[in-house]
Amino acid sequence: QVHLVESGGGLVQAGESLTLSCAGSGDTFRTSTVGWFRQAPGQQREFVAAVSWRGGPIYYADSVKRRFAMSRDNGASMVGLQMNNLKPEDTAVYYCAADRSAVVRRTIESYDYWGPGTHVTVSS
């Protein structure tokens with residue numbers, strides 16, 4: 001069993017930065033693939049980034065590549081998402097998710113555990 005809690009969301013202006021954190025607990029967190037997903041109002045949940053328990057390589061959606069940076073600290077059971085040069089289209093609820101598989105996958109159905117999400121709003 002894995003328990004996830006996201007934090008760090010908020011309201012920022014376009015061009016600013018924000019850092020999200022995900023605290024994980026449970027014996028299998030450290031051996032799980034962890035991903036970030038987001039869901040904008042009226043949209044389907046989409047993949048943002050993911051990394052295996054090894055900590056690399058990290059995979060990103062094209063829409064956030066070169067702007068977002070995911071990190072993982074297994075010792076602290078934490079995963080981060082540094083978001084730079086934010087755009088209004090980045091507005092969404094951001095979710096942290098864990099997949100017991102060691103294979104990094106981008107599909108929502110692959111992930112077994114989800115956090116409650118944290119809201120990010122980017123104003124223009």
Side-chain angles (χ1 to χ4, degrees):
Q1 190 77 6
V2 176
H3 184 61
L4 304 168
V5 178
E6 305 92 341
S7 61
L11 171 63
V12 296
Q13 293 188 335
E16 294 184 339
S17 299
L18 202 60
T19 301
L20 305 183
S21 297
C22 173
S25 62
D27 291 340
T28 57
F29 176 80
R30 296 182 181 183
T31 59
S32 297
T33 290
V34 178
W36 284 100
F37 292 79
R38 66 186 183 185
Q39 187 166 13
Q43 303 294 319
Q44 292 188 333
R45 195 170 298 189
E46 63 176 8
F47 170 81
V48 174
V51 65
S52 74
W53 64 270
R54 298 178 182 86
I58 301 174
Y59 300 88
Y60 296 95
D62 288 343
S63 59
V64 305
K65 204 174 291 184
R66 291 179 293 278
R67 296 190 300 122
F68 289 13
M70 184 177 182
S71 61
R72 180 168 189 162
D73 184 347
N74 278 340
S77 295
M78 294 287 293
V79 173
L81 186 68
Q82 174 69 38
M83 304 185 295
N84 300 317
N85 190 22
L86 283 161
K87 305 175 181 180
E89 51 264 42
D90 294 318
T91 294
V93 178
Y94 283 71
Y95 298 92
C96 177
D99 175 4
R100 289 171 293 182
S101 169
V103 177
V104 178
R105 295 177 286 192
R106 300 173 183 239
T107 55
I108 296 169
E109 297 75 17
S110 302
Y111 288 77
D112 306 295
Y113 306 100
W114 292 82
T118 185
H119 289 258
V120 173
T121 302
V122 184
S123 62
S124 58

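Side chains are part of it too, since the values below use all heavy atoms of this structure and drop only hydrogens, waters and symmetry mates.
Contact detail for A49 and Y60: the closest heavy-atom pair is CB-CD2, 3.6 Å. For R30 against G75, the heavy-atom pair with the smallest separation is NH2-O, 3.5 Å. Closest non-hydrogen pair, P88 versus A14, comes out as CD-CB, 4.1 Å. Smallest separation of non-hydrogen atoms from P41 and T91: CD-O, 4.2 Å.
Judged by distance alone, with hydrogens and angles left aside, the side-chain atoms of D73 form a donor-acceptor pair with the main-chain N or O of A76 at under 3.5 Å. No donor-acceptor pair under 3.5 Å is formed between the side chain of R105 and the backbone N or O of Y111. The backbone N or O of D62 sits nowhere less than 3.5 Å from a side-chain atom of R66 that would complete a donor-acceptor pair. Within the 3.5 Å criterion, the main-chain N or O of W53 finds a donor-acceptor partner in the side chain of N74. With S101 contributing its side chain and V103 its backbone, the two residues share a donor-acceptor pair below 3.5 Å. Formation of a donor-acceptor pair under 3.5 Å by the E6 side chain with backbone atoms of C96 is found in this model.
A donor-acceptor contact closer than 3.5 angstrom is absent between the side chains of D99 and S110. Q82 and T19 are linked by a side-chain donor-acceptor pair at a separation below 3.5 angstrom, with hydrogens and angles left out of the test. If you check the side chains of T31 and T28, you find no donor sitting under 3.5 Å from an acceptor.
When the side chains of ILVMFWY residues are joined at heavy-atom separations under 4.5 Å, either directly or via intervening members, M70 and Y94 end up in a single hydrophobic cluster. Under a hydrophobic-cluster definition in which Ile, Leu, Val, Met, Phe, Trp and Tyr are linked whenever side-chain heavy atoms come within less than 4.5 Å, directly or via other members, V104 and V79 are assigned to different clusters. Under a hydrophobic clustering in which Ile, Leu, Val, Met, Phe, Trp and Tyr are joined whenever their side-chain heavy atoms come within less than 4.5 Å, directly or via other members, F47 and L86 fall into different clusters. Clustering ILVMFWY residues whenever any of their side-chain heavy atoms sit less than 4.5 angstrom apart, transitively, puts M78 in a cluster other than the one holding F68.
Y59 does not carry R106 over the face of its six-membered ring by the limits of under 6.0 Å from the centre and within 45° of the normal. Annotation: cation-pi pair R45/W114 present, NZ/CZ under 6.0 Å from the ring centroid and within 45° of its normal.
One finds the CG atom of N85 at 6.0 Å from the CZ atom of R67 (value rounded to the nearest 0.5 Å). Taking CG of L18 as the start and OG1 of T121 as the end, the distance is 10.0 Å to the nearest 0.5 Å. Rounding to the nearest 0.5 Å gives a distance of 12.5 Å between CD1 of I58 and NZ of K65.
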Check: Would S124 and E89 satisfy side-chain contact (heavy atoms from CB on, under 4.5 Å), going step by step from the backbone distance to the final call?
Finding: CA-CA 10 Å; S124 58; E89 51 264 42; over 6 Å; no
Margin query: Applying side-chain contact (heavy atoms from CB on, under 4.5 Å) to V122 and E16, what does each step give before you reach the verdict?
Written below: CA-CA 9 Å; V122 184; E16 294 184 339; over 6 Å; no
Margin query: I'd like to know whether Y95 forms a ring-ring contact (aromatic ring centres under 6.0 Å, His included) with F37, so could you lay out the CA-CA distance, the side-chain angles of the two residues, the decisive distance to 0.1 Å, and finally the verdict.
Written below: CA-CA 5 Å; Y95 298 92; F37 292 79; 8.6 Å; no
Note to self: Does C22 form a side-chain contact (heavy atoms from CB on, under 4.5 Å) with W36? I'd like the steps, not just the answer.
What the structure shows: CA-CA 9 Å; C22 173; W36 284 100; 3.7 Å; yes
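S17 has its side chain out of reach of M83: every pair of non-hydrogen atoms, C-beta onward, lies at least 4.5 Å apart. In this structure the side chain of E46 never reaches within 4.5 angstrom of the side chain of Q39, judged on heavy atoms. V2 has its side chain out of reach of R100: every pair of non-hydrogen atoms, C-beta onward, lies at least 4.5 Å apart.
Salt-bridge annotation for K87 and D90: absent, with no side-chain N of the basic residue lying under 4.0 Å from a carboxylate O of the acidic one.
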